[in-house]
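The next block holds one structure in the form of structure tokens; read it before the comments.
Computed from a predicted model, the values in this text were never measured in an experiment.
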Amino acid sequence: MVDVAILIREHLLNQAAVIGLLGTNLNGSIYCASDLPEHFDPKLGPAIQIVRSGGTSHDEITVLVNARVQVRVWADIEKYQLASDVYGAINDTLHGVTMVTLPDGVILSALESTGPQEMTDPDTGWVSVNSFYAVMARPN
């Protein structure tokens, strides 16, 4: 089985339009986890968080995975435009993509299923833009 969040991360790491907007946090500022790592510092630049939030294998073609993926951009306090710019670059790169072959698998399709929602974390004041994508993938 293929991890769709990892495939999305691999794809985004190859996109100059996305990477050019990110800062100097570890792991290319793109994380596949439900929590940001302890070392994340929004002052070093925004981050992208990718989490698989559901999905199943195809009934008849078991190697296919239909997944729902949450993509969230985090930025520092009052950096609304930066968060929006990063999300826009992700959406331009990801929405409607087909047949992207990566070392860990193939993204057959990716479509934004729930548009971007902006929020500010009440504890940290960090800005985020959140959306969901429907992704179909298979291993190589």
Side-chain angles (χ1 to χ4, degrees):
M1 186 133 147
V2 64
D3 187 336
V4 176
I6 297 293
L7 290 180
I8 298 295
R9 181 179 188 273
E10 287 178 9
H11 179 62
L12 293 178
L13 284 170
N14 291 319
Q15 305 303 311
V18 174
I19 297 302
L21 294 169
L22 298 178
T24 58
N25 284 292
L26 296 178
N27 298 318
S29 299
I30 303 177
Y31 308 101
C32 292
S34 56
D35 292 325
L36 287 170
E38 290 180 21
H39 62 265
F40 172 68
D41 181 356
K43 290 179 180 27
L44 297 176
I48 301 167
Q49 182 182 23
I50 306 166
V51 180
R52 183 174 166 169
S53 62
T56 59
S57 292
H58 194 279
D59 291 341
E60 295 177 9
I61 308 169
T62 57
V63 295
L64 288 182
V65 175
N66 292 314
R68 185 171 188 245
V69 178
Q70 179 185 30
V71 177
R72 178 174 280 170
V73 175
W74 289 98
D76 202 6
I77 298 169
E78 301 292 326
K79 298 288 185 178
Y80 302 103
Q81 187 61 53
L82 179 58
S84 181
D85 290 347
V86 173
Y87 179 76
I90 292 168
N91 187 263
D92 289 347
T93 291
L94 197 55
H95 180 73
V97 71
T98 58
M99 299 304 294
V100 174
T101 302
L102 299 158
D104 292 328
V106 178
I107 299 172
L108 300 172
S109 68
L111 295 170
E112 183 183 53
S113 58
T114 304
Q117 302 168 357
E118 296 178 0
M119 65 162 262
T120 301
D121 185 280
D123 296 326
T124 63
W126 298 346
V127 174
S128 78
V129 178
N130 182 56
S131 69
F132 290 90
Y133 284 81
V135 179
M136 181 182 284
R138 68 168 173 77
N140 282 338

Which donor-acceptor pairs under 3.5 Å do the side chains of residues 99-113 make with protein atoms, sequence neighbours left out?
from	atom 1	to	atom 2	distance (Å)
Glu112	OE2	Tyr87	OH	2.1
Glu112	OE2	Asn91	ND2	3.4
Ser113	OG	Phe132	O	3.2

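Each of Leu12 and Ile6 belongs to its own hydrophobic cluster when Ile, Leu, Val, Met, Phe, Trp and Tyr are linked at side-chain heavy-atom distances under 4.5 angstrom. The cluster map of Ile, Leu, Val, Met, Phe, Trp and Tyr, joined by side-chain heavy atoms under 4.5 Å apart, puts Val51 and Ile30 in different clusters. Linking Ile, Leu, Val, Met, Phe, Trp and Tyr whenever their side-chain heavy atoms come within less than 4.5 Å puts Leu36 and Ile77 in one cluster. Both Leu13 and Val69 belong to a single network of hydrophobic side chains, linked directly or stepwise wherever heavy atoms of I, L, V, M, F, W or Y lie under 4.5 Å apart. In the hydrophobic cluster analysis, where Ile, Leu, Val, Met, Phe, Trp and Tyr join through side-chain heavy atoms closer than 4.5 angstrom, Met119 is grouped apart from Val73.
A distance-only check finds no donor-acceptor pair linking the side chain of Asp76 to the backbone of Lys79 [under 3.5 Å].
Here the shortest heavy-atom pairing between Val86 and Pro46 reads CG2-CG, 3.8 Å. Residues Gly23 and Ser29 share a closest heavy-atom pair of O-OG, 3.9 Å.
Between Trp126 and Phe40, the ring center distance clears the sub-6.0 Å criterion.
Contact of the Tyr133 side chain with the Val4 side chain is not registered, since no non-hydrogen atoms from C-beta on lie closer than 4.5 Å. Between Val135 and Leu7, every side-chain heavy-atom pair lies at or beyond the 4.5 Å cut-off.
Once rounded to the nearest 0.5 Å, the distance linking OG of Ser34 with CD of Gln70 reads 9.5 Å. With rounding to the nearest 0.5 Å, the separation of NE2 in His95 from CD1 in Ile90 is 14.0 Å. The structure places CZ of Arg138 at 8.0 Å from CG of Leu64, a figure rounded to the nearest 0.5 Å. The structure places OH of Tyr31 at 11.5 Å from CD1 of Ile50, a figure rounded to the nearest 0.5 Å. Distance check, rounded to the nearest 0.5 Å: CG of Asp3 to CZ of Arg9 gives 11.5 Å.
For Gln81, the side-chain hydrogen bond (donor to acceptor under 3.5 Å, both in side chains) partners two or more places apart in sequence, or in a different chain, are Asp85.
In the hydrophobic clustering (ILVMFWY side chains linked at under 4.5 Å, chained through shared members), Val127 is joined by Tyr80.
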